[in-house]
2 protein chains.
Amino acid sequence: MPKPSLIEDNLASQDCADCPIRHRAVCARCESDEMEALEEVKYYRTFQAGQTVIWSGDRMDFVASVVTGIASLTQTMEDGRRQMVGLLLPSDFIGRPGRQTAAYDVTAISDVVMCCFRRKPFEEMMVRTPRIAQRLLEMTLDELDAAREWMLLLGRKTAREKIASLIAIIGRRDAELRLRSTGNDLTFDLPLTREAMADYLGLTLETVSRQISALKRDGVIILEGKRHVTVPDFDRLLEEAGDDTDGGLLV
Amino acid sequence: MPKPSLIEDNLASQDCADCPIRHRAVCARCESDEMEALEEVKYYRTFQAGQTVIWSGDRMDFVASVVTGIASLTQTMEDGRRQMVGLLLPSDFIGRPGRQTAAYDVTAISDVVMCCFRRKPFEEMMVRTPRIAQRLLEMTLDELDAAREWMLLLGRKTAREKIASLIAIIGRRDAELRLRSTGNDLTFDLPLTREAMADYLGLTLETVSRQISALKRDGVIILEGKRHVTVPDFDRLLEEAGDDTDGGLLV
DNA sequence: TGTTCGCTTTGACGTGGATCAACCCAATGC
DNA sequence: GCATTGGGTTGATCCACGTCAAAGCGAACA
């Protein structure tokens with residue numbers, strides 16, 4: 001291969017300096033205009049808020065990553081109890097090389113743009129280009145860490161701590177994406193409905209609502225409308241979240 | 001490299017037919033006797049039940065996999081609340097290439113033998129030998145799936161369902177390891193104390209004890225002593241666990 | 001201006017699991 | 001034999017969160 005193909009280039013490279021999304025792998029703005037030629041292998045799909053991307057058990061012959069918007073992975077029990085098991089933010093990967101059916105329901109929470117690769121060529125490419133497997137391994141390990149943090153939250157935290165944790169997580173991700181300096185005064189939108197938060201946290205939506213009201217009443221957060229949050233003191237929020245804050249660094 | 005080194009051979013190969021542990025990567029019985037020469041890179045360590053393998057935050061300059069025994073990954077909050085976030089059974093991997101401090105406490109639950117590789121040479125090898133990254137990716141994705149199943153358990157299942165799920169998981173793993181046919185009558189030992197089960201399930205040990213008693217009273221399991229379990233009807237157990245059992249296959 | 005529709009909030013009440021405390025039991029040591 | 005120790009069980013009580021029900025509120029639309 002004299003010149004790496006566009007896909008390889010997109011997925012193998014680490015960072016993209018001139019756009020707010022960290023990995024070129026998933027950065028739409030880094031595209032050249034050779035795109036159309038690759039329509040067969042790489043393509044974009046958009047989903048509206050609330051739309052289901054794929055159902056658990058469905059055949060899935062692509063892998064993808066989120067370009068913009070937010071999507072969720074959820075598991076559902078027969079009687080309807082639901083638990084979110086993954087929150088897909090821009091740059092997150094979805095689909096598993098080597099598996100052809102989806103293991104979870106994937107739902108667009110906001111409007112979502114996804115960058116998809118057909119699975120077969122993607123897998124072939126993985127064999128040819130070792131950096132991709134390594135990059136994917138890195139991303140998967142990050143996800144595993146996040147899942148384990150999440151398990152602590154689900155298993156041991158109180159409702160109040162869960163809410164505080166979620167707000168902290170979203171605030172942090174938001175700050176990262178915007179490359180804002182992590183000052184002590186954050187302001188951002190909650191991209192989730194109360195119900196989605198409940199699914200995330202293993203609570204009911206009523207409890208979510210009550211605890212948000214409580215945090216507001218206690219001055220931990222300031223709410224404008226139902227979605228817009230200002231955090232006057234991030235350390236205070238982390239304290240409420242029960243997080244280990246050895247100088248702000250999570251070990 | 002004319003001949004692959006022993007490490008590569010051990011880690012790159014897929015299955016080992018003639019031993020009960022699935023991956024040669026971690027199978028002590030597959031060793032040749034060239035072992036000593038590699039003492040610097042690959043070595044074995046044993047831990048007694050209850051012994052701490054490594055503390056969260058400690059420097060960790062090896063990666064390892066479990067050969068025999070059971071260990072746990074746990075996270076602890078400042079006030080002492082504890083949540084198990086990983087259960088390491090034979091063939092499971094521990095440590096993260098590219099990270100030099102442990103993110104979780106690792107504790108031996110039973111006596112454990114680990115097969116360790118010094119991190120630096122291991123990482124170099126990963127670059128040289130693409131199959132290893134691919135193999136590791138596969139294993140990490142499996143772990144991620146397990147973590148997500150676990151999240152459903154922590155977030156949405158009742159105490160009784162949690163216990164039933166745990167017994168099912170252990171029973172299944174046990175059956176796999178022994179290559180027994182998965183008949184409908186399993187018998188095995190619970191390798192965990194009530195406290196460790198509580199840490200796994202996000203419960204207190206009292207609740208664990210009560211629910212085990214309840215399952216016993218209701219004939220879902222039969223207990224001999226405190227540890228030895230017989231499951232007269234595995235499907236019944238799965239039902240109690242709230243698991244989706246479309247013909248026994250988990251999607 | 002009113003009407004409907006989603007989402008959210010708030011209240012009243014019940015309950016599953018935590019907490020606190022006692023006790024059991026088998027293994028170990030003297 | 002007796003004491004000790006560590007895991008396990010069981011009971012009584014409490015409270016955080018789920019459940020059920022009603023009402024609030026902004027957006028879209030007529």
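Remark: A:Arg227 pairs with no residue by the side chain to side chain donor-acceptor pair (under 3.5 Å) rule, at least two apart or across chains. Remark: A:Asp142 engages B:Arg96 in a salt bridge (charged side-chain N to carboxylate O under 4.0 Å, His left out) (not counting sequence neighbours). In this structure, B:Thr193 has no side chain to side chain donor-acceptor pair (under 3.5 Å) partners at least two apart in sequence or on a different chain.
Judged by distance alone, the side chain of B:Asp189 and the main-chain N or O of B:Pro191 form no donor-acceptor pair under 3.5 Å.
Straight-line distance from the CD atom of B:Glu161 to the P atom of C:dG16: 12 Å, rounded to whole Å. The distance between atom CD of B:Glu195 and atom C1' of C:dA18, rounded to the nearest whole Å, is 15 Å. Rounding to whole angstrom units, NZ of residue A:Lys216 and P of C:dT10 are separated by 6 Å. C:dG16 atom P lies 14 Å from atom NZ of B:Lys162, rounded to whole Å. The distance from atom CG of B:Leu205 to atom P of C:dA21 is 15 Å, rounded to the nearest whole Å. Here the P atom of nucleotide C:dA26 and the NE2 atom of B:His228 are 17 Å apart, to the nearest Å. Atom-to-atom, CG of B:Leu223 to P of D:dG8 comes out at 11 Å; the value is rounded to the nearest Å. Put simply, CG on B:Leu190 is 10 Å from P on D:dG8, counting in whole angstrom units.
Taking only side-chain nitrogens and oxygens, A:Arg227 comes nearer than 4.0 Å to OP1 or OP2 of C:dT8.
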Table please: side-chain donor-acceptor pairs of residues 215-224 of chain B below 3.5 Å, with sequence neighbours left out.
residue	atom	partner	partner atom	Å
B:Asp218	OD2	B:Arg160	NH2	2.1

In a table with atom names and distances, give each donor-acceptor pair under 3.5 Å that connects a side chain of residues 201-211 of chain B to protein atoms at least two apart or in another chain.
residue	atom	partner	partner atom	Å
B:Thr204	OG1	B:Thr207	N	3.4
B:Thr204	OG1	B:Thr207	OG1	3.0

Which parts of nucleotides 11-27 of chain D does protein reach within less than 4.0 Å, heavy atoms only, written one letter per nucleotide 5' to 3' as B for base, S for sugar-phosphate only and - for none? BB----SSBB-------
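B:Thr193 comes within 4.0 angstrom of the backbone, heavy atoms only, and of no base.
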